[in-house]
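So the structure is just underneath, and the comments pick up after that.
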Amino acid sequence: MTDGRDHGGRDMFDEGDLVAVQTTQPLDRTLDYRAPEGGCVLGDFVEVPLGPRKVPGVVWGPGRGDFDRAKIRAVIRVLDVAPMREEMHDFLAKAADYTLTPMPVMLRLAMRAPGLGDPPSMRKIYRRGTGEPDRMTDARRRVLEVLEDYGGLAFTLKELAEMAGVTPSVVKGLVKHGAVREEDSPRDLPFPVLDPKLPGKPLTEDQAAAADVLRGHLRSRQYGTTLLKGVTGSGKTEVYLEAVSECLAMGRQALVLLPEIALTAEFLTRVEARFGAKPAEWHSGATMTERRRIWRMVGQGGAQLVVGARSALFLPFRDLGLIIVDEEHDTSYKQEDGVMYNARDMAVLRAAMAAARVVLASATPSLESWANAEAGKYDRLDLTARFGDAVLPEMRAIDMRVEKLEAGRWISPSLRGAVQARMEAGEQALLFLNRRGYAPVTICRACGHQIACDHCDARMVEHRFLKRLVCHQCGETRPMPEVCPSCGVEGRLAPVGPGIERLAEETAALFPEARIAVLSSDLFASARALKEKIVEIGAGGADIIIGTQLVAKGHNFPKLTLVGVIDADLGLQGSDLRAAERTFQLMRQVAGRAGRADKPGLALLQTFQPEHPVIRAILAGDEEGFWRAEAAERQAAGVPPYGRMAGIILSGTDAGAVFDLGNALARNAGPLHQIGAQVFGPAPAPIARIRGRHRVRLLVKAAKGAPLQAALARWLAPLRLKGDLRLSVDIDPQSFL
Ligand code: ADP
Ligand code: ZN
């Protein structure tokens, strides 16, 4: 073992031995190769020849030996990274079975770092120098600004030039003047060491008790999941940072999953304050260099703590001891394209393989997690009080049936009065409307035509800020027309219904003096710009915040004391099985933004149905009652989490062919009937056309203990998709789109 790789007692293969290699290519089996010079071990990342190409793969086991030995080629080389651990292999295999995802696709998730195979080497990096350029140009200023923004970080030439939007020669020019320094640096440095011994904040009695329990769990070194339920502002983060601290002190690694990249800025600052350095940050916005560094360092133990998006679950941790899933109820944990997995469930699976602990943190847990805790599968810890003097906001309904409102206006006199009072007191108010754009519908007043997307079964949404119509399904945009595309009459197109931009307009008219900040994901050019805005608002840089669900998630706005929900009924209209749960969570989360510091908060919900059971449960704050009622309903209907479901989406450009396929599947559902499952459909999916493709949906329902995946696999195995037909399987669908 002279190559310095850690063989960790794994199976060794000598040069020339047959090994089975799993590649990322769409093949339904492993391929045999001969071990290269120097041999290889189980789990080694390798490069192998496949036809005329070289492809990456992993040594999966001994060769199958069912291929003509004379034709078997040799592994080209073993990549210089830690071999895949057995627990990762098992995790991928189980995850593939669970989500019915082919292994090559799964493996791609686990190899999401560029240049994995490149030998360790030196490279040039660029950081701010002490000099100043002889003269300042726009391009030069942009380069210096990027370096300034990232406070001391260094970049490769390509990255820096791209981020500043300049040519590399601009950077080189700055090097000449000493304004930028060029250095040689080994690739992939370890991350700064976090110190778990630094003191945390003094905890309240409740918090300390919860933290003690979590620490004890970690010391057991056994798998287990804890639901940490605590009202917003109760200190869940402080508590789970104590669990992170224990994990790091034990020399194990920790992973914190956050649903929203905009949340990470505040969190990173808190980690730095707690442990003395920043953790590794893994998300789609990270640079290639950074991704590669994290991937390698996680595998070598050079990164103790990773904060990231759901795909961080597939990083090759060397000794993962703890996974935190913050805001565990968040729908963005469910991947809806590519591999359809729920990061919350995958975190539990990953931890079970690694003898690690999971903490699911939320003020409004998903019904799944609540039920798992009820059933004793998860432990549960509750933080019931807000930290300090902060009290939970009072919640009240505004009965819209009795409010006097002009057409095209959405802020009721009652809400307006409440906002006015906040302005006079120098406090912040938040108006919440979960609808991007100016107006959800544009209608022609002459002919009644509603402008729809040409490719989707969806209306185009006016975005006045962009001066365009946008399809929220496929992203297609076009300029706002002057004349009706249907009848040709000019000047009669009118917006119908409110979007967040229109609400901003109304607010500005009502409160001309107020500083208004509109927070919607599409209004910011970059995640960084959005993060900055959030920090600015938190520091008091706005009087009225207007936001979509983006604002519901965990931001700390200390001056905020009023939340007005423009349309509390919005989420209740869907036919979705989770509509009630979603509305309940969203309303409670949004309301939780108010009164986080010393002033009490008030949440006002505009509703046309104040007697609706969900609205009443929200107002009463009777969470356990709500969950019990919701659980009973789902139990009676035999739906998740008390039954199992899978959604099958078929799509294609020829509607007839898609339906024929759906009908054929429904007719030949023997393997499903054998396990007692029912098949519904085919039926047009709720969004029956996206990007010109017709979509048809089948729904499979089975009893809780039924071997659903195995039956689905047998059902779909004989299927050969012709032409442009596509099929995707969504286990435990979150939404029925
Ligand atoms: P949650 O995650 O439950 O929403 P946080 O952990 O973010 O709650 O806590 C809310 C606020 O209260 C934060 O600003 C946090 O720093 C503060 N806080 C919570 N617990 C303590 C404590 N024991 N000492 C000092 N500040 C605390
Ligand atoms: Zn569209």
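We number each residue from 1, following the sequence as shown. Note that ligands are numbered from 1 as they come in the structure, with each ligand's atoms numbered from 1 the same way.
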Heavy-atom nearest pair, Arg112 first then Trp295, reads N-NE1, 4.3 Å
With sequence neighbours left out, the residues meeting side chain to side chain donor-acceptor pair (under 3.5 Å) with Arg616 are none
Those residues at least two apart in sequence (or on a different chain) that pass side chain to side chain donor-acceptor pair (under 3.5 Å) with Glu611 are Arg401
Within the 4.0 Å heavy-atom cut-off, what Pro202 brings close to ligand 1 is backbone
The answer for which part of Lys201 has a heavy atom under 4.0 Å from ligand 1 is side chain
(message) Heavy-atom contact check, 4.0 Å cutoff: does Val231 meet ligand 1?
(response) yes
Quiz item: Applying a strict 4.0 Å limit to heavy atoms, is Gly233 in contact with ligand 1?
Solution: yes
Q. Judged by modelled atom types alone, do Thr364 and Gln585 share a side-chain donor-acceptor pair under 3.5 Å?
A. no
Notebook entry, point to check: Quick one: do the Asp345 and Tyr98 side chains pair a donor with an acceptor below 3.5 Å?
Noted result: no
* Any N or O of Gly235 that comes nearer than 3.5 Å to an N or O of ligand 1? -> yes
Here the atoms of ligand 1 under 4.0 Å from any heavy atom belonging to Leu203 are 23 (N)
